[in-house]
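Both counts, for ligands and for their atoms, begin at 1 and track the order of listing. If you read the sequence from its start, that first residue is 1, and numbering goes on from there.
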Amino acid sequence: MQKWIMSTLFFGACTLAIVLMFTMNAGPKGAAKQEATMPEVTLDTAAAEATLKANCISCHGNSLEGGVGPNLQKVGAELDEQKLYKTITKGKGGMMPSFKDKLKEEEIANVAKFLATKK
Ligand code: HEC
């Protein structure tokens, strides 16, 4: 009976160790990947405009004509969606805030896609 308990415990510990090894390995790698790659989304213009209205126009102007932040009306000519995604996620300089904790990745991706069409 005791031997049975011992081997169960041993087996359990091994399983836990293996699971931990995998999750710890996946952790930082997964985070780095998440930062670099934009999630696949289908452009939803109405949602992008709503996100911009709620989060961006205070600095970039009602029609994105610029204010505290630069004019974004033709930002798609300079930055592609990946670069836009990165800028919005991480912020820029001391003034452009990071939206990593304020918006969902999909929302940022959608806004990035929308702005990328502005050429
Ligand atoms: C608190 C003011 C503020 C808010 C809010 C803000 N921005 Fe900015 N943004 C700035 C400033 C200032 C810059 C210029 C930063 C620099 O170049 O150093 C900037 C730069 C940018 C750039 C880079 C433009 C370029 O030509 O390099 C993009 C893209 C951008 N903002 C998008 C957004 C989006 C999208 C939102 C809303 C989700 C947003 N910003 C919200 C102030 C703001």
Please could you name the atoms of ligand 1 that [X] approaches to less than 4.0 Å, counting only its heavy atoms?
X	value
Val68	12 (C)
Cys56	34 (C), 35 (C), 36 (C), 37 (C), 38 (C), 39 (C), 41 (C)
Leu115	35 (C)
Val111	35 (C)
Phe99	36 (C), 37 (C), 38 (C), 39 (C), 41 (C)
Ile88	35 (C)

Side-chain ([X]) to main-chain ([Y]) donor-acceptor, under 3.5 angstrom:
X	Y	answer
His60	Pro70	yes
Glu106	Lys104	no
Ser98	Lys100	yes
Lys113	Val41	yes

Could you work out, for [atom], the closest of [options] by heavy-atom distance?
atom	options	value
atom 27 (O) of ligand 1	Lys102, Glu107, Lys92, Glu78	Lys92
atom 20 (C) of ligand 1	Pro70, Gly94, Gly93, Gly67	Pro70
atom 5 (C) of ligand 1	Asn55, Leu84, Asn71	Asn55

Would you indicate whether the side-chain heavy atoms of [Y] and [X] approach each other to under 4.5 Å?
X	Y	result
Leu64	Val75	no
Thr51	Asn110	no
Met38	Glu81	yes
Glu78	Lys83	no
Phe114	Leu43	yes

Less than 4.0 Å is my threshold; does some heavy atom of Thr51 fall inside it relative to ligand 1?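 No, that is not the case, since the closest heavy atom of the residue is not under 4.0 Å from the ligand.
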Among all protein heavy atoms, pick the one closest to [atom] and tell me residue, atom and distance.
atom	value
atom 12 (C) of ligand 1	Met95 CB, 3.1 Å
atom 1 (C) of ligand 1	Cys59 SG, 2.7 Å
atom 22 (C) of ligand 1	Thr87 CG2, 3.9 Å

Would you say atom 8 (Fe) of ligand 1 has Met96 as a near neighbour, meaning an N/O/S atom of that residue under 2.8 Å away? yes
Strictly under 2.8 Å, is atom 8 (Fe) of ligand 1 approached by any N, O or S atom of His60? yes
Counting only heavy atoms, which portion of Leu72 has something under 4.0 Å from ligand 1: side chain, backbone, both, or neither?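 The answer is the side chain of Leu72.
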Do we see a donor-acceptor contact under 3.5 Å between the side chains of Gln73 and Asn71? yes
